[in-house]
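Quick notes on the structure that follows.
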Amino acid sequence: MMMNVVQLIERVTVAVGKIGSLFFPLLILTILLNVFLRYVFDMGLIELEELQWHLNAIAVLCCLAYTYQADEHVRVDLLHNRLSPMGRSVLEVCGILFLFLPFTLLVSWHAWNIASYSWSLREGSPMPSGLPARYLIKGVMALGLSLLVLQGLAILMRSVMTIVDQLRSGVR
């Protein structure tokens, strides 16, 4: 049962991450167009600058959980590679429970409050020529951070299952 939940979360994480990664080429093209227009034609467009921010937000927030799931995130861990699978799992559980979850839950909670307020206002850009619907990006922010929390829970469950399996088999 727990493995089914883990697999479901990870399938969603991978799907959202792959969709988010499709925004990177659009972001690069937007940056190139913006630089070209600015330095060749001396023409800066607020719309393009804001589009860069929006595309970057979508790509990064969709890929956060995917990066964590693939274990491609930055680790500041001197012990991890030296530990046994049991030791790594115990370290992972402690890190998730005492560092990762408190932080990501708090940030996600505030992101939902910010997104909710933005949606209630139907917030747009403060610039006259800026992009409308800034509330959509704030919604993506809240969803991306929530998916990161779920992925952390999936890794926590997977680590707990590893510990239980190791204890059952008598390996320490």
Same apolar cluster: L51 and L22, side chain cutoff 4.5 Å: no
Can you name the residues that form a side-chain contact (heavy atoms from CB on, under 4.5 Å) with Y117, not counting sequence neighbours? S120, L121
Of all residues at least two apart in sequence or in a different chain, which pass the salt bridge (charged side-chain N to carboxylate O under 4.0 Å, His left out) check with R88? none
Can you see which heavy atom on Y68 is nearest to which on G152, and at what distance? CE2-CA, 3.6 Å
Which pairs would a plain distance check flag for residues 126-143, meaning a side-chain donor or acceptor within less than 3.5 Å of a matching protein atom at least two apart in sequence or in another chain?
residue: K138; atom: NZ; partner: E123; partner atom: OE1; Å: 2.8
residue: K138; atom: NZ; partner: E123; partner atom: OE2; Å: 3.2

Taking a hydrophobic cluster as the set of Ile, Leu, Val, Met, Phe, Trp and Tyr residues connected by side-chain heavy atoms closer than 4.5 Å, whether directly or through intermediates, do L61 and L150 fall within one such cluster? yes
According to the salt bridge (charged side-chain N to carboxylate O under 4.0 Å, His left out) rule, which pairs have a member within residues 96-107, sequence neighbours left out? none
Ignoring hydrogens and angles, write down the donor-acceptor pairs under 3.5 Å from the side chains of residues 26-44, residues two or more places apart or on other chains.
residue: T30; atom: OG1; partner: L26; partner atom: O; Å: 2.7
residue: N34; atom: ND2; partner: Q52; partner atom: OE1; Å: 2.6
residue: R38; atom: NH2; partner: E49; partner atom: OE2; Å: 2.6

Going by heavy atoms in the side chains, are L64 and L145 under 4.5 Å from each other? yes
Given the options T162, D165, V164, V160, S89 meets side chain to side chain contact (heavy atoms under 4.5 Å, CB included) only with T162
Which atoms form the tightest heavy-atom contact between F100 and L148, and what is the distance? CZ-O, 3.4 Å
Show every salt bridge (charged side-chain N to carboxylate O under 4.0 Å, His left out) that has at least one partner inside residues 104-117, sequence neighbours left out. none
How would you list all residue pairs meeting salt bridge (charged side-chain N to carboxylate O under 4.0 Å, His left out) that involve residues 94-116, not counting sequence neighbours? none
Contacts satisfying salt bridge (charged side-chain N to carboxylate O under 4.0 Å, His left out) that involve residues 95-107 (not counting sequence neighbours) are none
W53: hydrophobic cluster co-members (side-chain, 4.5 Å): none
According to a 4.5 Å side-chain heavy-atom criterion applied to Ile, Leu, Val, Met, Phe, Trp and Tyr, with indirect links allowed, do Y66 and M157 form part of one hydrophobic cluster? no
Going by atom type alone, with no hydrogens or angles, which donor-acceptor pairs under 3.5 Å involve a side-chain atom of residues 3-18 and a protein atom two or more places apart or on another chain?
residue: E10; atom: OE1; partner: R158; partner atom: NH2; Å: 2.7
residue: T13; atom: OG1; partner: I9; partner atom: O; Å: 2.9
residue: T13; atom: OG1; partner: Q151; partner atom: OE1; Å: 2.9

Are W112 and F103 linked, directly or through other ILVMFWY residues, by side chains that come within less than 4.5 angstrom of each other? no
Residue list, side-chain contact (heavy atoms from CB on, under 4.5 Å) with D71, at least two apart or on another chain: H73, R75
In terms of hydrophobic clustering (I, L, V, M, F, W, Y; side-chain heavy atoms under 4.5 Å; direct or indirect links), are F98 and L101 co-clustered? yes
Return the set of residues passing side-chain hydrogen bond (donor to acceptor under 3.5 Å, both in side chains) with S108 (not counting sequence neighbours), or none when no residue passes. S146
